[in-house]
Each structure stands twice: as C-alpha cells, then as structure tokens.
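Scroll down for the structure; my scribbles are underneath it.
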Amino acid sequence: MELLKKYRKQLILFLFINVFFSIPLFYRIDYRATMPGGLTQVERLIEIDSDHQTTGSFNTTFVLSFNRITMFQHLFYTHNSRIEVNRVHQSQSHFTARDHNIMGQISMNASIELSIIVAYRYAQKALSYDVLGFILAHHPEGFDFFGLGAMFTNINGVTGAGIREVIVNAQQTDILNITYTYFYDTTKEYQISIQRSALNGTRIETKYGNFVANPAFTVNRSNSGGPSGGLLQTLHNYDILTGSNLTRGLVIAGTGTINYDGSVGAIGGMRQKIYTAQKNRARIFLVPFSDDQNSSEFRNFQEALETYQSLRRPTFVLVPVRNFQEALEALRNDKNFL
C-alpha cells in the first residue's frame, strides 16, 4: 500500500500514456480501406453439364475492403499508394457488419442468376425461369418496416414480375398490402400494410428461380459477395455452353456487373483490381465502359486506364466493353492475344 502511495503519480502518468497511445490502435472511425485482393476462377461457382473443358480460365477480380478502420490503420494506409481510404458514405453508415453481409449475398445471387439468363440467351440454349419476387437490397436510415433480405412475393394481389409495376405506378399515399418472406429463410411468411411513400429510398433486386435448363447447371455455395463478377461469370457460362474456348489457354480477368439486357455495369475498387490483375499476371482485363462521360461506367474506365498506364510493365491488355456482345468480340479478336 505504501508503495502505491509512493509511486501514485508515476502510475497515473503511466496509465494515461498507455490509454493515450492505445486510442489510435483500437478506436474505429467512419472510414473504409480498400486494397488489392486476388483472382477467383468462376468455374468453381457454376457447373454446367457439358463435356467441354476450357483450357484457360475466366477470373473475377476481388479486392479486400474493411469498414470502420482504426485511427492507426487510417494513418498507415493513407501512406500506401495501392490502398484507397475513403470516408464511409452517409447512405451506408447505418448498416451493421451483418447488413453488409446480407447485401453482399443479395447482389451475388442476383449476379449469378443474371449470368445464367444472359449466357443461355446468347448461346441460344433452352432456359425457362420465373420471377419469384423482389428482394429489399437497400434502405435508408431509420427504416424499420422489415429488414434487408425481405422478399416481396405479393403486393395488392399481384405476384411475379408485376410486383415492380405496382410499386412504380402507386401514388405516394396509396396503401400497399405486402406479403413477404426472407430469401435466406423462406419457411416463414409475413404481411404488412404500408403507404407507398414508406419505400422511398429503398432499392430492390429481382429474384429469379424455378430454372429449367438444357443443358442443366448446378450453382455451388460461395463465401464471396457482390455483383462485380457478373460479366466474367457470364462469359464462362457462354464458353461452356458453346465450346468456344474463348480463353485460348490464358488467364482472362476483369470486372463489371451484368444486367438483364446484357449491358455491363460499373463497380467499385477499380484501381485495386488493376493492381490485382497485374500481380496475378492476367493476359486480358475487361472493364466497364460507356460513351456517356457522366456515367459511372465511363469513370470506371478512366480510373482503370490511369492506373494501367502507371504500371511499369503491364502483363495484360486493358479492354473496355459496353456490353456482353463487345466482350465476346474482344475475346475473338486476335490482336488482344498478341
């Protein structure tokens, strides 16, 4: 006890210093860090009944992203030219880690379904499917009617593809009688009646299902999330369906969402994905593009081009594509493989 009294001031000072210097190590702030990741071969995700085996590989490009990094990480990462540090956007700040996981699953599932639909259409193979409903993929802060992943299966007596039309055409004060379940637990069904205005600021994704295909396919489970592999997944599906051997035995990488009409959409983390493609010695890298200079796709390409030009000895050819047809043409072009 006497010893504590004797060194009381020194002990307090020691504790204060430790607390002061520990704050940057553990205190989290509303910033996100995005850094280069790796390549994932898409054939591991969707298996199509076919004897054709591609000699190369189609690869989605993923990055590593960490939300709410610590003050110390912020200081460290901002001095690394290959790591991007941005403040978490206000529209995303209210989501928990579980919310982000659910949103990743929603966008990944939508990407898989669209990659199947577009590939079978371009390959002119038999495919039928239904619209099962529409999944809540984003909502504003304070929204508490139902959680992310809620799948609307019936609104005012309308089911299937017509649900979106009901939402779009309703007046703000109209009442929507919604039957919903959750895409990750369809065993329970719920009902709610709300004004159309309650859905302002939300985003929904189409949920397709009941696929009947010839040739048949199997979708394997994946721990990854997000829609950015849509284009490459579609190319792989098409390649297997047609036996085209579009890879020519090489590593084909890229990024971009795939839409129902075959157009390619913008993604995030473009700079880090270019570094990732270089690290993994890809031969071709496909990137979203648009003629509209105000579009996200145009900005995607500009960021990719700027990063690509900064590489000392690029291992790959950077190819901008507006849609799936242009991606096919790029892989059929001998000049891109020289």
Side-chain angles (χ1 to χ4, degrees), residues 36-63 108 111-112 114-125 213 215-220 222-224 226-258 262 264 267 269-270 272-289 301 304 307-308 311 313-338:
L39 301 182
T40 301
Q41 292 186 23
V42 298
E43 56 260 36
R44 298 173 183 173
L45 185 57
I46 298 179
E47 297 179 8
I48 298 174
D49 292 347
S50 171
D51 294 331
H52 174 68
Q53 297 292 327
T54 183
T55 56
S57 62
F58 288 103
N59 300 266
T60 61
T61 312
F62 68 87
V63 297
M108 174 64 129
S111 177
I112 292 170
L114 288 170
S115 76
I116 293 166
I117 292 170
V118 174
Y120 274 75
R121 183 197 309 150
Y122 272 84
Q124 299 182 356
K125 300 296 183 180
F217 64 86
T218 302
V219 178
N220 298 317
S222 172
N223 293 323
S224 60
S228 63
L231 171 61
L232 274 296
Q233 185 67 66
T234 310
L235 284 167
H236 163 72
N237 297 345
Y238 177 88
D239 192 55
I240 297 298
L241 288 168
T242 60
S244 300
N245 195 27
L246 295 169
T247 64
R248 308 191 193 193
L250 302 172
V251 176
I252 309 300
T255 192
T257 66
I258 193 72
V264 176
I267 50 77
M270 180 58 76
Q272 288 68 39
K273 290 183 177 182
I274 293 296
Y275 292 137
T276 299
Q278 177 74 1
K279 181 178 67 174
N280 290 274
R281 304 191 66 80
R283 188 61 178 270
I284 290 178
F285 190 89
L286 302 170
V287 59
F289 178 71
F301 175 66
T307 309
Y308 179 77
L311 301 176
R313 294 180 180 177
T315 65
F316 59 91
V317 177
L318 184 68
V319 181
V321 294
R322 299 172 181 82
N323 50 54
F324 184 70
Q325 183 61 45
E326 288 192 0
L328 287 179
E329 292 170 0
L331 296 178
R332 290 166 176 160
N333 188 342
D334 294 337
K335 292 181 180 179
N336 290 328
F337 287 86
L338 296 178

Give a yes or no on whether the backbone of [Y] and the side-chain of [X] come within a donor-acceptor separation of less than 3.5 Å.
{"X": "T234", "Y": "A119", "result": "no"}
{"X": "T276", "Y": "P36", "result": "no"}
{"X": "D49", "Y": "P215", "result": "no"}
{"X": "K335", "Y": "A330", "result": "no"}
{"X": "N59", "Y": "I252", "result": "yes"}
{"X": "D239", "Y": "N245", "result": "yes"}
{"X": "T61", "Y": "G254", "result": "yes"}

Open item on the list: Can you classify the ring geometry of F285 versus F316 as parallel (below 30°), tilted (30 to 60°) or perpendicular (above 60°)?
Closed with: tilted

Could you report the tightest heavy-atom contact between [X] and [Y], atom names first, then the distance?
{"X": "A282", "Y": "A253", "result": "CB-CB, 3.9 Å"}
{"X": "L235", "Y": "F324", "result": "CD2-CE1, 3.5 Å"}
{"X": "V63", "Y": "G269", "result": "CG1-O, 3.8 Å"}
{"X": "Q278", "Y": "L311", "result": "OE1-CD1, 3.7 Å"}

TODO: Can you establish whether the number of heavy atoms outside N220 located under 6.0 Å from its atom CG is more than 12?
DONE: yes

Can you tell me how far the [atom1] atom of [X] sits from the [atom2] atom of [Y], to the nearest 0.5 Å?
{"X": "L39", "Y": "T60", "atom1": "CG", "atom2": "OG1", "result": "7.5 Å"}
{"X": "Y238", "Y": "R121", "atom1": "OH", "atom2": "CZ", "result": "13.0 Å"}
{"X": "L45", "Y": "H236", "atom1": "CG", "atom2": "NE2", "result": "8.5 Å"}
{"X": "I274", "Y": "L318", "atom1": "CD1", "atom2": "CG", "result": "5.0 Å"}
{"X": "I116", "Y": "S111", "atom1": "CD1", "atom2": "OG", "result": "9.5 Å"}
{"X": "T242", "Y": "K125", "atom1": "OG1", "atom2": "NZ", "result": "8.0 Å"}

Task: R248: partners by salt bridge (Lys or Arg N to Asp or Glu O under 4.0 Å), with sequence neighbours left out - done: D334

TODO: Quick one: do M270 and T255 satisfy side-chain contact (heavy atoms from CB on, under 4.5 Å)? Show the steps, please.
DONE: CA-CA 8 Å; M270 180 58 76; T255 192; 3.6 Å; yes

Open item on the list: I'd like to check N280 versus V251 (side-chain heavy atoms, cut-off strictly below 4.5 Å). Are they in contact?
Closed with: no

Open item on the list: Is any side-chain heavy atom of I267 closer than 4.5 Å to one of K273?
Closed with: yes

- [ ] For side-chain contact (heavy atoms from CB on, under 4.5 Å), just list the numbers for T247 and T55, CA-CA rounded to whole Å, side-chain angles, deciding distance to a tenth of an Å, and then say yes or no.
- [x] CA-CA 7 Å; T247 64; T55 56; 4.1 Å; yes

Open item on the list: Please determine whether side-chain contact (heavy atoms from CB on, under 4.5 Å) holds for the pair L231 and V321, giving the CA-CA distance in whole Å, both sets of side-chain angles, and the decisive distance to 0.1 Å.
Closed with: CA-CA 10 Å; L231 171 61; V321 294; 4.0 Å; yes

Open item on the list: Testing the 3.5 Å rule here: is there a donor-acceptor pair between the side chains of Q233 and N237?
Closed with: yes

Open item on the list: side-chain contact (heavy atoms from CB on, under 4.5 Å) for I284 and F337? Distances and angles first, verdict last.
Closed with: CA-CA 8 Å; I284 290 178; F337 287 86; 3.6 Å; yes

